[in-house]
Number of protein chains: 4
Amino acid sequence: MREHSDTRARIQEIALRLFTEQGYEGTSLREIAEQLGVTKAALYYHFRTKDDIVASLSEDRHAEMENLIKWAQGRPRGPETRREFVLRYADSLYDSNHHAFMRFMERNQTALRDNPKVARMRDLMKGVMDILCDEGDSTAERLRRSMAIFTLHAAWFVLKDEEVSDEERKDAAVKVALDYVELPPAA
Amino acid sequence: MREHSDTRARIQEIALRLFTEQGYEGTSLREIAEQLGVTKAALYYHFRTKDDIVASLSEDRHAEMENLIKWAQGRPRGPETRREFVLRYADSLYDSNHHAFMRFMERNQTALRDNPKVARMRDLMKGVMDILCDEGDSTAERLRRSMAIFTLHAAWFVLKDEEVSDEERKDAAVKVALDYVELPPAA
Amino acid sequence: MREHSDTRARIQEIALRLFTEQGYEGTSLREIAEQLGVTKAALYYHFRTKDDIVASLSEDRHAEMENLIKWAQGRPRGPETRREFVLRYADSLYDSNHHAFMRFMERNQTALRDNPKVARMRDLMKGVMDILCDEGDSTAERLRRSMAIFTLHAAWFVLKDEEVSDEERKDAAVKVALDYVELPPAA
Amino acid sequence: MREHSDTRARIQEIALRLFTEQGYEGTSLREIAEQLGVTKAALYYHFRTKDDIVASLSEDRHAEMENLIKWAQGRPRGPETRREFVLRYADSLYDSNHHAFMRFMERNQTALRDNPKVARMRDLMKGVMDILCDEGDSTAERLRRSMAIFTLHAAWFVLKDEEVSDEERKDAAVKVALDYVELPPAA
DNA sequence: GATGAATGAGTTTTCATTCAT
DNA sequence: TATGAATGAAAACTCATTCAT
């Protein structure tokens, strides 16, 4: 009945929301189908398996992350690159709805531990850490760098109950994250 | 008739490990029973439901958190208390195996969103934020404080692949966390 | 608009092969469509149902069997006719690819037990037995006659791993089968 | 409610019957459970998978076949052994209900082609052929030997509509089978 | 002569839970 | 303190079939 089936996109949208709210394992395909107003079988017309929905969701973010990492690898390691990288990472996270996807990933690490796309994402995150850390960094320093990226991800839900605009949220996240890639440890 | 059911403790231990590795929904009672070498039905002698195992796991941590919060509430808010609170929180986390429990909680937020003990834990975490934040704090400031506690939790698995002793891990975590509660945002 | 739908024939060919290799129930229309490089829906342009494909496959063999039986009924029962019948049956089986169809039938008796064309084939086989047996034949004798026909069918796959030409296979089959319509039971 | 659960045995009995009548794929676990008067889940208490039911059914027959083959391998190849082997094979088939199992196997070759126990059975059948054939045998000769065993299996259903006692059936089968292993091809 | 999108009814399987013993 | 045997509900997935285009 619908013009030119955007069903696939709507499945992705609903799945991402439910997987994040209730967890991947806690969300059945029946639920997704019901919210969409189709039968379960329709989902299988568009995606081969439940895991496949996740895979499809990963794709954009993968591409974006690969670009970011490639950009950074073409530059000298150091404070300048780190600073700029955090800014670009924040942009790529907030200007699309990629923060929603990253939150979904964080909330479903265990459920998705065997999904190859998710494994790939873990590798990409290691690539990010490589960019932010130098060889001789202390343990505290490495932890600090990790937390910078974590902060960008977390801002969205840590501040979720506060009356704060998306703009403010992003600004706050970037401000805090930048401190942590720039400042030397207190020591 | 035996005082200290050894079995009960072993169920908790195995459950905590599996729930963390594979997720709460991804771990069946059959699996726990198998690792223990008993039947599923035996678990029901010790715990009324699967959720009950989680509840029992929460108890120690709840008590500890309540003590910590009570202590802080008896003191004036401010940098001194914040600093001391972070130190005590870190101790309470690392000197028992509570970090394992907190990690389990973080990994299973969605699956356990209806568990009353877990809801209570969320409230306690809000209590912790109350202690770390002042009324007039900016958005960035509040985010920063949250990240302090997050850092203490995260140090365990962020640094999990590195050759680092538990001691070093704790020291690094505390160092970074203190920065997060002490330093003013770059402004 | 085209006279001799090539597609129709290719569906039959692929279906016969897959139904034999994997079983009727073990072969989905999706599989057939994939091997053909069309969609499932295309199959429904050529055949009303899955069972209909089987029905269409039966047709040639039905006609052949009817002719064989009619021929035999026009002759006196007896060793002469039996001998000649076996030779003609073998020809009709090996000179087309009817042995492939008969093998498919044997492998899918249960799955197809409600298909009317298959029921008809069972009747035709009874007709064949009528031709090969006399009124007063002992149980052993009747079994022996059945096995003669069975042998013609079975030669194809009993000898499938041996390096044997189709010609040799047919000759061997006929030789063994003839013994069993001709020889009196050992007794 | 039942004394000392013979449920497992009843599952096997019903499954063997239905798998033979309707085919393995054509028989759902729901059907078996219904005929037994339990829920599907009860079947899974006794068998890990549907395939496992088949595996369990194979066991007795496997053991019997192994014994038969071992016996024959301890004797010189030749007409004497062949003759005696056929007699023993027939006994082992008819004195238990193994003919029912073999019929089930023949009717479900394709459906079960990936089941390891069934693969093992195919190997055992090859072992049987080894016993019945000599090195220099012609194609016709090898086919003839195969048909001997086939006859023992087939007698049960080839003669199923005739008013014949089990005793007579077995006698007829053995008589015909012996011809197949003893007589030289006419040529 | 075909496809894209969908459905309804079914499948095998898993799970938390119960209860008599 | 446990176990053996079972259940009811639900899960992911598959299939033959339909129909508007």
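Just so it is clear, the model here is predicted, and its values are computed rather than measured. In what follows, chains carry the letters A, B, and so on, assigned in the order in which the sequence lines appear, proteins first and then strands, with residues in each chain numbered from 1.
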Would you kindly say whether H98(C) and R61(C) are connected by a side-chain donor-acceptor distance under 3.5 Å?
yes
Per the atom types in the model, does the base of dT17(F) pair as donor or acceptor with the side chain of K40(C) at under 3.5 Å?
yes
Residue whose closest nucleotide on DNA chain E lies nearer the 5' end, S28(B) versus E31(D):
E31(D)
From CG of D6(B) over to C1' of dA2(F), roughly how many Å is that when rounded to an integer?
15 Å
Looking at H46(C), does any N or O in its side chain come under 4.0 Å of the phosphate oxygens OP1/OP2 on dA2(E)?
yes
Looking only at dT7(E), dA6(F), dA5(E), the nucleotide nearest the A41(A) side chain is dT7(E)
Specify the separation, in whole Å, of atom OH of Y44(B) and atom P of dA20(E).
17 Å
Check whether the side chains of N115(A) and Y24(A) place a donor and an acceptor atom closer than 3.5 Å, and report yes or no.
no
Expressed as a whole number of angstroms, how long is the span from R48(B):CZ to dT17(E):P?
10 Å
Distance check needed: dA6(E) C1' versus F47(A) CZ, whole Å only.
15 Å
Between atom CZ in R10(C) and atom C1' in dG1(E), what is the gap in whole Å?
14 Å
Can you tell me the Watson-Crick or wobble partner of dG8(F), both distances under 3.5 angstrom?
dC15(E)
Only pairs with both distances under 3.5 Å count, Watson-Crick or wobble alike; so what is the partner of dT21(F) in this structure?
dA2(E)
I want to verify a distance call: between dG4(E), dG8(E), dG4(F), whose nearest atom is closest to the T39(B) side chain?
dG4(F)
Any idea which of dC15(F), dA2(E), dA6(E) is nearest the Y45(A) side chain?
dA6(E)
dA6(E) phosphate, OP1 or OP2, under 4.0 Å from T7(A) side-chain N/O:
yes
Hey, which sits more toward the 5' end of DNA chain E by its nearest nucleotide, A42(C) or L29(D)?
A42(C)
Answer yes or no: does a side-chain N or O of R30(A) lie under 4.0 Å from OP1 or OP2 of dA11(F)?
yes
Protein-nucleotide distance (K50(D), atom NZ; dG10(E), atom P), rounded to Å:
15 Å
Electrostatic pair E13(D)-R17(D), nearest N-O below 4.0 angstrom
no
Between Q12(B) and S56(B): side-chain donor-acceptor atoms closer than 3.5 Å
yes
I'd like the P distance from dT21(F) over to dG1(E), given in whole Å.
22 Å
Does Y44(B) have K50(B) sitting over its ring (NZ/CZ under 6.0 Å from centre, angle to axis within 45°)?
no
E25(D) atom CD is separated from dG10(E) atom P, nearest whole Å, by 18 Å
SB check R107(A) E106(B) (cutoff 4.0 Å):
no
Nearest-nucleotide check on DNA chain F, T27(A) vs L43(D); residue mapping nearer the 5' end is L43(D)
Between E34(A) (CD) and dT7(E) (C1'), how many Å, whole number?
15 Å
